[in-house]
Structure formats: C-alpha cells, structure tokens
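First up is the structure itself, then whatever we jot down about it.
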Amino acid sequence: MTRLRLAIVGAGPAGIYAADILLKAEREFDVSIDLFDQLPAPYGLVRYGVAPDHPRIKGIITALREVLDRGDIRIFGNVRFGTDITLDDLKRHYNAVIFATGAVRDADLDIPGMELEGSYGAADFVSWYDGHPDYPRTWPLDAQSVAVIGNGNVALDVSRILAKHPEDLLPTEIPDNVYEGLTASPVTDVHVFGRRGPTSVKFTPLELRELGELRDVDMILYDEDFDYDDHAREVIAGNKQVLVIDRVLQQWRQREVGQASRRLHLHFYARPTELVDDGTGRVGAIRYERTAPDGQGGVYGTGEIREIPVQAVYRAVGYFGSPLPGVPFDKRHGVIPNHEGQVLHAKDNTQIYGVYATGWIKRGPVGLIGHTKSDAMETVSHLINDLGNWWTPADPSEEAIVALLNERGVEYTNLDGWHNLDAHEQALGAARGRARIKVVPRDEMVRASNRPAPSSD
Ligand SMILES: Cc1cc2nc3c(=O)[nH]c(=O)nc-3n(C[C@H](O)[C@H](O)[C@H](O)COP(=O)(O)OP(=O)(O)OC[C@H]3O[C@@H](n4cnc5c(N)ncnc54)[C@H](O)[C@@H]3O)c2cc1C
C-alpha cells in the first residue's frame, strides 16, 4: 500500500488538528506523521498566547494532548525549521510537508514615536507573561499610566493583565518571574484606544465582561462616546453580539466609580497619531485625534487633537506571520501564499507540489482556535487528493530523520519528554498549592524533558 510520510512544521492547534484529521480521514494509503516544533513544548499560542487567567481556553490543551497521547504521531520538539532542518531535508525524507507555523510577531503601526523607549508590541508582552523561552525574563513595568492601542481581544488581554492585581493571578500557571514583575508595577491607569465607536469593536462579549469583574478596578467610560447615530442604533438592533457588548458598556456607565485603586479607561473615537517624547527618548504622552462616525460604519478625523500623559504604550493592532527559509511568503499579509492550503509560487500563483499550509500562517492571524480545525480539514483534503503529485523522497525511512538530527547535534525532545516537562511543571505547582508553574528557560525545559519528574510522594 502507498504510504504518506508527512512532515508537519508547527505543533500548535493547526498542526495537531491537521495530523488528527489526516489520521482519521478516509483514504487509500498509510500515513506516518512527524510533527516538528521549534519549542520543547507543543500547543503554540494555546500555551504561549492565551492568557494565563483563561483556564477554560487553556483547557483545550487537554483535547490536543489526547491526540498526541494516542502515540500515532511522532513529535520532535526543540527543532527549528530553517536552521535545524531545511526544505531540502524534508524533500529527502518525506512525501509532503504542511507548514502550521502560526504568527508570533506584532503587526506594525506607523505613527511617529513608535521607536521611543516605553513603546511595546502586545505580542512581545504576551510572550513575556506567558513565559515564552525566547523572550527576556524581565519586563519594564515602571509606568503609572499606560496606553493600549487596539479594540480586539488581545488589547483586552493586555489591559486586563496590566490592570489586574497580581495576587489574583497567583492561582494560574504564571511563572515566578512574571508574578514578581507584575507585583512591582506601579500602574494605576490603563487607557484603551479605539479609533471607531463602541458598536464597531472587535472584542467578544465574554472577554469584555471580564474586565468589569476585576477586583478594585474602576471601568471609566466617557459620555461623549455614546451619542449614537442611526447607523449605530441599527447595528445594535441587528447584531446580537453588538447588542450584548452595548449592554455591558451601558451597565458600566451606571456604576459608581472613585473608590478603586486602579482604573481602566475605554476611549472610543480616538485615533492615536503620535507618541510624545518626554525629552529623554521615553514615551511621555499619547496624542490622538478625535474621530466621528460617518453614518456608514466608518469614521472621519475631526482634526481635534488631544493628549494623555502615559509612560508606556502597547500596540495591540494584530499579529503577523514570519517568513520561512525556502518557502514563499506574502509580505503584505504575513502569510504563505496558498489556495485553500495548497502553497503557491509567489511569482505566478501556480501550485508548489508537496507543500501545504494551515492555521494562522495560511489565512492570517485572525480567528479562534476552533477555526484552525476547519482550516486543517480543507488543507488535508487537498493533500489527500494530490496523491499523484507528492514528492518522491530518496530515503523515507523513519530512522533517517532521527539520524540526521543526531548527526547535527540537535537536542530534540519527544512525546515522553513533553510528559516529563508537564509532570515537572505540575510538581512545581503542587509544592505551592498551584495547578502548575511554567518553566521558562529553554535549557531548563529541555533538561526537564530529558529526565522523568520525581514522584511527588
Ligand atoms: C494573545 C492571544 C490570545 C488568544 N486567546 C485566544 C482565546 O482565548 N481563545 C481562542 O480560541 N483563541 C485565542 N487566540 C487565538 C489562537 O491562539 C489561534 O487561533 C491559534 O493558536 C492559531 O493556531 P496555529 O497553530 O495556526 O498557530 P500557533 O498557535 O502560533 O502555533 C504555531 C506553532 O509553530 C511553531 N513554529 C513557528 N515557527 C517555526 C519554525 N520555524 N520551526 C518549527 N516550529 C515553528 C511555533 O513554535 C508554534 O508552536 C489567541 C491568540 C493570541 C495571540
């Protein structure tokens, strides 16, 4: 029987779902899958993006883990495509590859002052508080007033983590260095900026509502933002999600404020135009233009410029994919150019046989974890139908890739390694009455992977 030797690069939800769907699919060939990830732990942004105080979403890891624990997918962690293995290596040992490398960088925001000290990307901050091994251990949390630019869920995550009292994060898996960093933060005011109105936000109701539940944090809204026009009223009447969001905001407007030690301000119709230098190369204020609704769901600038003193600014204006060596890349959209997951030559849009994409690197960094499943279905169905056009590898044996990694001195981890690290993190947590404490340094992750955790008794 024909056998598909498949490499999947990226062990986030998209990569794991693709493997699972292929293994369960009706097909007339055998399958052998190797799943590579640059990190010693799988799960991508579920581990390193989803906020630590969202345990329900982090719980998706349980379902992903069940797929891996079946044992019919080999995992090679701590292996980076582009340095440890290349496209030529994959062609030599596999019939096809699916890239599921996601997106970890911040999209740019082109306004003056973004280069100032105190101006940060939300993605970098998220990577820090979620304990990503490739980011610095310390984060400069020295601002009393902070601006967050963006009206999506990542802006909410960043604002919530900044405004929340760190003791309330202690029951979560946050690493020790993150707890210590947040405890030292003098923050009192977090200002969130959206250039459009309250009925145009990209927040989801559940995530928005959570802000209002923060202990000792007042929600501050401004009456001038709620003078709805006909269009806004129509949107509220016709869209259930917007209706709920509006209800939440209206409830907050009725609340008494003034007693809390921290405040979270929501500024709508506010388009940031500049970060102002405090004279020492640091952010001293954010300048923004007041906008107004144009009656069709858009906004126009009114020319009225305002300024709020802040000492730090986080831009949460979207994530962006990174190019992979030897693989086409669409610089404008930050994705691998593809047709329903079949990767295309950048020049003439013709298919590159044997190369596929799925998840955020396929369709851009929007959508929830669940969306990566439908994505994977589409990609996998093309992979199955393309059988006649797969690569013909010189050495498709399962041992060959292991030998290659060993020869190159790559310290890869496997499924047992992940179990060891997982048990180690849980043991660290149990010792302090917590479910888990994440290990951050890569070498420590690899060390813990390579030795079984001592039993807790
Ligand atoms: C801050 C934040 C919060 C979020 N919160 C939620 C939420 O609450 N609920 C929800 O449903 N969704 C949430 N999402 C969205 C969700 O995380 C994504 O939909 C999903 O993770 C995308 O999956 P992916 O597999 O395409 O990419 P990723 O999850 O990014 O996985 C990609 C994997 O590829 C690996 N990789 C990258 N480059 C290489 C390379 N060169 N070699 C080897 N491996 C490589 C990475 O290490 C990573 O493990 C959130 C996203 C962010 C950014």
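Atoms within each ligand, like the ligands themselves, are counted from 1 in listed order.
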> Hey, is R160 close enough to D168 for a salt bridge, meaning N to O under 4.0 Å?
Replying inline: no
>> Just to be sure I read this right, does ligand 1 sit under 4.0 Å from the backbone of A100, its side chain, both, or neither, counting only heavy atoms?
In response: backbone
> Near L39, which atoms of ligand 1 are under 4.0 Å from a heavy atom of that residue?
Replying inline: 47 (O)
> So, do W390 and F29 have ring centers that fall under 6.0 Å from each other?
Replying inline: yes
> How about S127 and D134: does a side-chain donor come under 3.5 Å of a side-chain acceptor?
Replying inline: no
>> Between Y412 and D84, is there a side-chain donor-acceptor contact under 3.5 Å, judged purely by atom types and distance?
In response: no
> Between E425 and K438, does a salt bridge (Lys or Arg N to Asp or Glu O under 4.0 Å) hold up when you go through it step by step?
Replying inline: CA-CA 6 Å; E425 291 188 340; K438 250 187 197 168; over 6 Å; no
> Which of the numbered atoms in ligand 1 are below 4.0 angstrom from a heavy atom of G10?
Replying inline: 33 (C), 34 (O), 35 (C)
> Would you call the rings of F125 and Y129 parallel, tilted or perpendicular, where under 30° means parallel and over 60° means perpendicular?
Replying inline: perpendicular
> Which residue owns the protein heavy atom closest to atom 41 (N) of ligand 1, what's the atom, and how far is it?
Replying inline: F81 O, 3.2 Å
> Going by distance alone, is a donor N or O of one side chain under 3.5 Å from an acceptor N or O of the other, for T350 and D348?
Replying inline: yes
> Which protein non-hydrogen atom lies closest to atom 36 (N) of ligand 1, naming both residue and atom, and how far is it?
Replying inline: Q38 NE2, 3.5 Å
>> Just to confirm my output: which protein heavy-atom neighbour is closest to atom 7 (C) of ligand 1, and how far is it?
In response: I57 CG2, 3.7 Å
> Does CD in E411 sit with more than 12 non-hydrogen atoms of other residues, nucleotides or ligands closer than 6.0 Å?
Replying inline: no
> Hey, which atoms in ligand 1 end up nearer than 4.0 Å to a heavy atom of G44?
Replying inline: 29 (O), 31 (O), 48 (C), 49 (O)
> Name the one of R262, R263, Q144 that satisfies side-chain contact (heavy atoms from CB on, under 4.5 Å) with D189?
Replying inline: R263
> Hey, is ligand 1 close enough to G359 that some N/O pair sits below 3.5 Å?
Replying inline: no
> Is the closest side-chain donor-acceptor distance between D386 and Q351 under 3.5 Å?
Replying inline: yes
>> L45 versus ligand 1: do any nitrogen or oxygen atoms come within less than 3.5 Å of each other?
In response: yes
>> Below a 4.0 angstrom heavy-atom separation, can you tell me which part of V9, side chain or backbone, both or neither, approaches ligand 1?
In response: side chain
>> If you measure every N or O of I369 against every N or O of ligand 1, does any of those distances drop under 3.5 Å?
In response: yes
> Counting each atom of ligand 1 from 1 as listed, which ones have a heavy atom of T372 under 4.0 Å away?
Replying inline: 22 (C), 23 (O)
>> Just to confirm my output: which protein heavy-atom neighbour is closest to atom 31 (O) of ligand 1, and how far is it?
In response: G12 CA, 3.5 Å
> Evaluating non-hydrogen atoms only, which member of Y319, Y17, W360 is closest to atom 51 (C) of ligand 1?
Replying inline: W360
>> Residue-level breakdown please: for D37 versus ligand 1, do any non-hydrogen atoms fall below 4.0 Å on the side chain, on the backbone, on both, or on neither?
In response: both
>> Pairing donors with acceptors under 3.5 angstrom, does anything connect the side chains of T372 and D375?
In response: no
>> Could you check whether any heavy atom of P13 sits closer than 4.0 Å to an atom of ligand 1, since that is the contact criterion I want to use?
In response: yes
> At a non-hydrogen distance cut-off of under 4.0 Å, which region of I60 contacts ligand 1 (side chain, backbone, both, or neither)?
Replying inline: neither
> Which of the atoms of ligand 1 are close to L324, meaning less than 4.0 Å from one of its heavy atoms?
Replying inline: 41 (N)
> Residues two or more places apart in sequence or in another chain: which of them pass side-chain contact (heavy atoms from CB on, under 4.5 Å) with N349?
Replying inline: L344
> For S200, what residues pass the side-chain hydrogen bond (donor to acceptor under 3.5 Å, both in side chains) criterion, not counting sequence neighbours?
Replying inline: none
> Taking everything shown except R195 itself, do over 12 heavy atoms lie less than 6.0 Å from its CZ?
Replying inline: no
> Does atom 14 (N) of ligand 1 have any protein heavy atom closer than 4.0 Å?
Replying inline: no
>> Please list the nearest protein heavy atom to atom 50 (C) of ligand 1 with its residue and the distance rounded to 0.1 Å.
In response: V50 CG2, 4.5 Å
> Any idea which protein heavy atom is nearest atom 27 (O) of ligand 1, and the distance to it?
Replying inline: G102 CA, 3.4 Å
> How far is atom 2 (C) of ligand 1 from its nearest protein heavy atom, and which residue and atom name does that atom have?
Replying inline: G49 O, 3.6 Å
> Is the closest heavy-atom distance from V79 to ligand 1 below 4.0 Å?
Replying inline: yes
> Among protein heavy atoms, which lies nearest atom 24 (P) of ligand 1, and at what distance?
Replying inline: A14 CB, 3.7 Å
